Amino acid sequence: MSMVFCRGCGKEIHVTAVTCPHCGAPQGTLQQQTQSDKRILPAALFCFFLGMFGVHRFYVGKIGTGILQLLTLGGLGIWALIDFIMIVVGSFTDKQGNRINLWT
C-alpha cells in the first residue's frame with residue numbers, strides 16, 4: 001500500500017487521496033484536475049472580438065458573469081482585457097472550475 005505525507009498537516013495518507021482525511025487539505029497537482037472540454041482558441045477569439053459583450057463567458061458556461069459583462073461592456077474593457085490575458089496564459093476556468101488549457 002503506497003503512502004505519502006499530507007501537504008497540509010504532514011500526516012501519512014494514501015497516495016490516491018484527493019484531500020487529506022485529517023485536515024482536508026487538497027493533494028496532488030494541477031495536472032490531476034479534470035480538463036475542460038472547452039478550448040483556448042475559440043475563447044480567446046470570442047474575448048478579443050466580442051469581449052465587451054461577455055461572449056467568451058457565455059462560451060465557458062459562466063452565464064451570470066457573462067450578463068454582468070454585457071451590462072457593463074466588459075467592465076469598460078478592463079475586465080475583458082484581464083480575461084483575455086487569463087485565457088491566453090491558460091489560467092481561465094469554465095463553470096465547473098476546470099482549467100481551459102488546450103488550444104485546439
Side-chain angles (χ1 to χ4, degrees):
M1 185 156 55
S2 297
M3 303 296 276
V4 294
F5 293 100
C6 171
R7 292 179 174 198
C9 65
K11 293 187 180 181
E12 199 171 22
I13 60 173
H14 194 268
V15 71
T16 60
V18 176
T19 59
C20 176
H22 305 288
C23 70
Q27 306 297 309
T29 60
L30 292 176
Q31 284 77 24
Q32 291 177 337
Q33 288 183 346
T34 310
Q35 286 186 350
S36 175
D37 61 339
K38 305 298 181 193
R39 301 290 184 245
I40 291 176
L41 185 60
L45 291 174
F46 283 144
C47 188
F48 186 78
F49 291 109
L50 300 169
M52 298 290 281
F53 306 112
V55 174
H56 59 288
R57 288 201 169 251
F58 289 106
Y59 170 70
V60 297
K62 296 180 176 181
I63 306 302
T65 55
I67 292 171
L68 284 175
Q69 276 198 349
L70 182 63
L71 295 175
T72 63
L73 293 176
L76 298 176
I78 297 169
W79 191 0
L81 176 64
I82 292 169
D83 278 355
F84 182 73
I85 294 168
M86 289 179 62
I87 291 168
V88 171
V89 299
S91 62
F92 199 72
T93 59
D94 65 6
K95 185 178 180 178
Q96 288 79 28
N98 301 323
R99 284 185 185 246
I100 301 170
N101 54 9
L102 298 176
W103 278 90
T104 57

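This structure is a prediction, so every number in the text was calculated from the model and none was measured. Numbers here are sequence positions counted from 1.
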Can you check whether Arg7's main-chain N or O pairs, donor with acceptor, with Gln27's side chain at less than 3.5 Å? yes
Report the distance from atom NE2 of His14 to atom CE of Met3, rounding to the nearest 0.5 Å. 7.0 Å
Measuring only between side-chain heavy atoms, which start at C-beta, is Phe46 closer than 4.5 Å to Ile87? no
To the nearest 0.5 Å, tell me how far Asp94 CG sits from Lys38 NZ. 8.0 Å
Test: Lys62 cationic atom under 6.0 Å from Phe92 six-membered ring centre, within 45° of axis: yes
Measuring from atom CG of Leu76 to atom CE of Met52, what distance do you get when rounded to the nearest 0.5 angstrom? 7.0 Å
If hydrophobic clusters are built from ILVMFWY residues whose side chains come within less than 4.5 Å, do Leu50 and Ile78 share one? yes
Minimal heavy-atom distance between Trp103 and Val88, with the atoms involved, is CZ2-O, 3.8 Å
Does a side-chain heavy-atom distance below 4.5 Å link Ser91 with Arg99? yes
So, do Phe58 and Ile63 sit near enough that their side-chain heavy atoms are less than 4.5 Å apart? yes
Taking Arg39 for its side chain and Leu102 for its backbone only, find out whether a donor-acceptor pair lies under 3.5 Å. no
With rounding to the nearest 0.5 angstrom, report the CH2 to CD distance, Trp79 to Gln69. 4.5 Å
To the closest 0.5 Å, what do you measure between CG (Leu81) and CZ (Phe48)? 10.5 Å
Interatomic spacing from CG in Leu70 to CZ in Arg57 - rounded to 0.5 Å: 13.0 Å
Beyond-backbone contact of Met86 with Ile82, side-chain heavy atoms, under 4.5 angstrom: yes
Testing the basics here: between Cys6 and Cys23, what is the closest heavy-atom pair and its distance to 0.1 Å? SG-SG, 3.6 Å
Could you report the tightest heavy-atom contact between Pro21 and Ile13, atom names first, then the distance? CD-CG2, 3.7 Å
Linking I/L/V/M/F/W/Y whenever their side-chain heavy atoms sit closer than 4.5 Å, directly or via other members, would Phe84 and Phe53 fall into one cluster? yes
Decide whether Phe49 and Ile100 are clustered together by the hydrophobic rule: side chain heavy atoms of Ile, Leu, Val, Met, Phe, Trp, Tyr closer than 4.5 Å, transitively. yes
